[in-house]
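Both counts, for ligands and for their atoms, begin at 1 and track the order of listing.
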Amino acid sequence: MPNLKKAKSSLTSELHWADGFVIVYDISDRSSFAFAKALIYRIREPQSSHCKRTVESAVLLVGNKQDLCHVREVGWEEGQKLALDNRCQFSELSAAEQSLEVEMMFIRIIKDILANFKLKEKRRPSGSKSMAKLINNVFGKRRKSV
Ligand SMILES: Nc1nc2c(ncn2[C@@H]2O[C@H](COP(=O)(O)OP(=O)(O)OP(=O)(O)O)[C@@H](O)[C@H]2O)c(=O)[nH]1
């Protein structure tokens, strides 16, 4: 429960501007997984009016310290399920032993962010429709004739 409270007060400003999040927990520490879960819930909770995003944030959940799997407290399936249930990507790695994997992790989140923006572009009304919308936004829909 304290984790949830702490997570609620975390990320407040980042929720406004961040296009992506990498949430890292320690597979040999269950409390870090609970905190990661609370952070993901915070990111995915329905946004309040002052924080309306047009593109959903990309989230990559990472189970670190895979080299400590002999003292594992969080199963791979648990991490995978949390990610799937909350539209996140998931991977496990060992930052201590796999520097390339860490690099790949950042490339992956950047790719996901770009994919989200491309998806939004596709959904936008095209050409004249979008121009009409822009004009309406600037001048207002119901203009009185002079
Ligand atoms: N065995 C192992 N240890 C790791 C790994 N990654 C980080 N550590 C160790 O975990 C400890 C915490 O690492 P930090 O890089 O300080 O991570 P942090 O998230 O800033 O941790 P806090 O400062 O505790 O919040 C250090 O002792 C690291 O050496 C890993 O992949 N395997």
Side-chain angles (χ1 to χ4, degrees), residues 1-127 129-141:
M1 209 56 173
N3 272 343
L4 197 64
K5 252 191 179 167
K6 209 169 140 197
K8 279 250 172 208
S9 60
S10 304
L11 302 176
T12 303
S13 67
E14 289 85 350
L15 287 173
H16 289 270
W17 58 263
D19 298 318
F21 296 87
V22 178
I23 306 289
V24 183
Y25 66 92
D26 174 351
I27 65 158
S28 66
D29 175 2
R30 179 153 288 279
S31 70
S32 71
F33 184 66
F35 190 55
K37 190 185 273 189
L39 286 177
I40 287 177
Y41 289 169
R42 174 94 175 101
I43 293 167
R44 290 295 186 231
E45 78 189 2
Q47 289 147 13
S48 49
S49 57
H50 63 277
C51 176
K52 277 207 173 80
R53 296 187 58 89
T54 51
V55 179
E56 187 173 70
S57 316
V59 181
L60 173 56
L61 177 66
V62 178
N64 187 30
K65 305 198 187 180
Q66 206 183 31
D67 55 297
L68 298 183
C69 59
H70 50 287
V71 286
R72 180 191 278 280
E73 287 184 2
V74 185
W76 184 91
E77 294 78 9
E78 281 181 271
Q80 169 78 340
K81 183 172 183 334
L82 176 63
L84 268 179
D85 290 348
N86 294 281
R87 303 178 304 285
C88 306
Q89 300 285 334
F90 174 68
S91 69
E92 274 193 1
L93 53 79
S94 166
E97 294 182 351
Q98 300 170 298
S99 60
L100 195 65
E101 297 291 327
V102 175
E103 211 175 294
M104 292 302 292
M105 181 184 89
F106 285 106
I107 293 171
R108 192 169 169 190
I109 191 78
I110 291 166
K111 277 188 176 163
D112 285 349
I113 291 168
L114 293 176
N116 281 350
F117 275 101
K118 276 198 185 131
L119 205 69
K120 192 204 159 202
E121 281 291 304
K122 264 192 193 161
R123 287 193 193 133
R124 233 174 40 185
S126 62
K129 251 190 189 171
S130 129
M131 183 57 78
K133 211 173 165 194
L134 189 68
I135 291 169
N136 279 334
N137 284 346
V138 174
F139 297 106
K141 230 168 197 167

Worksheet item: Which distance, rounded to the nearest 0.5 Å, do you find between the OG of Ser57 and the CH2 of Trp17?
Response: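 The distance works out to 10.5 Å.
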
Looking at [atom], is any protein heavy atom nearer than 4.0 Å to it?
atom                    : result
atom 32 (N) of ligand 1 : yes
atom 23 (O) of ligand 1 : no
atom 17 (O) of ligand 1 : no
atom 27 (O) of ligand 1 : no
atom 4 (C) of ligand 1  : yes

Worksheet entry | Val24 contact mode with ligand 1 (heavy-atom cut-off under 4.0 Å) | neither

Worksheet entry | Part of Asp26 within contact of ligand 1 (heavy atoms, under 4.0 Å) |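 Neither part.
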
Discussion item. Between Asp67 and Ser94, does the side-chain hydrogen bond (donor to acceptor under 3.5 Å, both in side chains) criterion hold? Intermediate values first, please.
Written reply: CA-CA 6 Å; Asp67 55 297; Ser94 166; 2.7 Å; yes

Discussion item. Considering non-hydrogen atoms of the protein only, which is the closest contact for atom 6 (N) of ligand 1, and what is the distance?
Written reply: Asn64 ND2, 3.1 Å

Worksheet item: So which protein heavy atom does atom 2 (C) of ligand 1 come closest to, and at what separation?
Response: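 Checked against all protein heavy atoms, atom 2 (C) of ligand 1 sits closest to Asp67 OD2, 3.5 Å.
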
Worksheet item: Once the angle between the rings of Phe90 and Trp76 is folded into 0 to 90°, is it parallel (under 30°), tilted (30 to 60°) or perpendicular (over 60°)?
Response: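 Ring orientation, 0 to 90° scale: perpendicular.
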
Practice prompt. Would you mind listing which atoms of ligand 1 come within a distance below 4.0 Å of any non-hydrogen atom of Ser94?
Written response: 31 (O)

Worksheet item: Can you list the ligand 1 atoms lying under 4.0 Å from a non-hydrogen atom of Leu68?
Response: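 Matching atoms, with element in brackets: 1 (N).
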
Worksheet item: Under 3.5 Å between some N or O of ligand 1 and some N or O of Ala96?
Response: yes

Worksheet item: Got an N/O contact under 3.5 Å between Ala95 and ligand 1?
Response: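 Yes - when backbone and side-chain N and O of Ala95 are compared with those of ligand 1, one distance drops under 3.5 Å.
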
Discussion item. Is any side-chain heavy atom of Ile40 closer than 4.5 Å to one of Leu61?
Written reply: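 Yes; the side chains approach each other to less than 4.5 Å.
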
Worksheet item: Counting only N and O atoms by type, is there a donor-acceptor contact under 3.5 Å from the side chain of Glu92 to the main-chain atoms of Gln66?
Response: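 No, Glu92 side chain to Gln66 backbone: no donor-acceptor pair under 3.5 Å.
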
Discussion item. Determine whether a donor-acceptor pair (N or O, by modelled atom type, separation under 3.5 Å) exists between the side chain of Asn64 and the backbone of Val24.
Written reply: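 It does not hold such a pair.
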
At their closest point, which heavy atom of [X] faces which heavy atom of [Y], and how far apart are they?
X     : Y      : answer
Asp29 : Val74  : O-CG2, 4.3 Å
Phe21 : Ile109 : O-CD1, 3.5 Å
Arg44 : Glu56  : NH1-CG, 3.2 Å

Discussion item. For atom 10 (O) of ligand 1, which of the options Gln66, Lys65, Gln98 provides the nearest non-hydrogen atom?
Written reply: Lys65

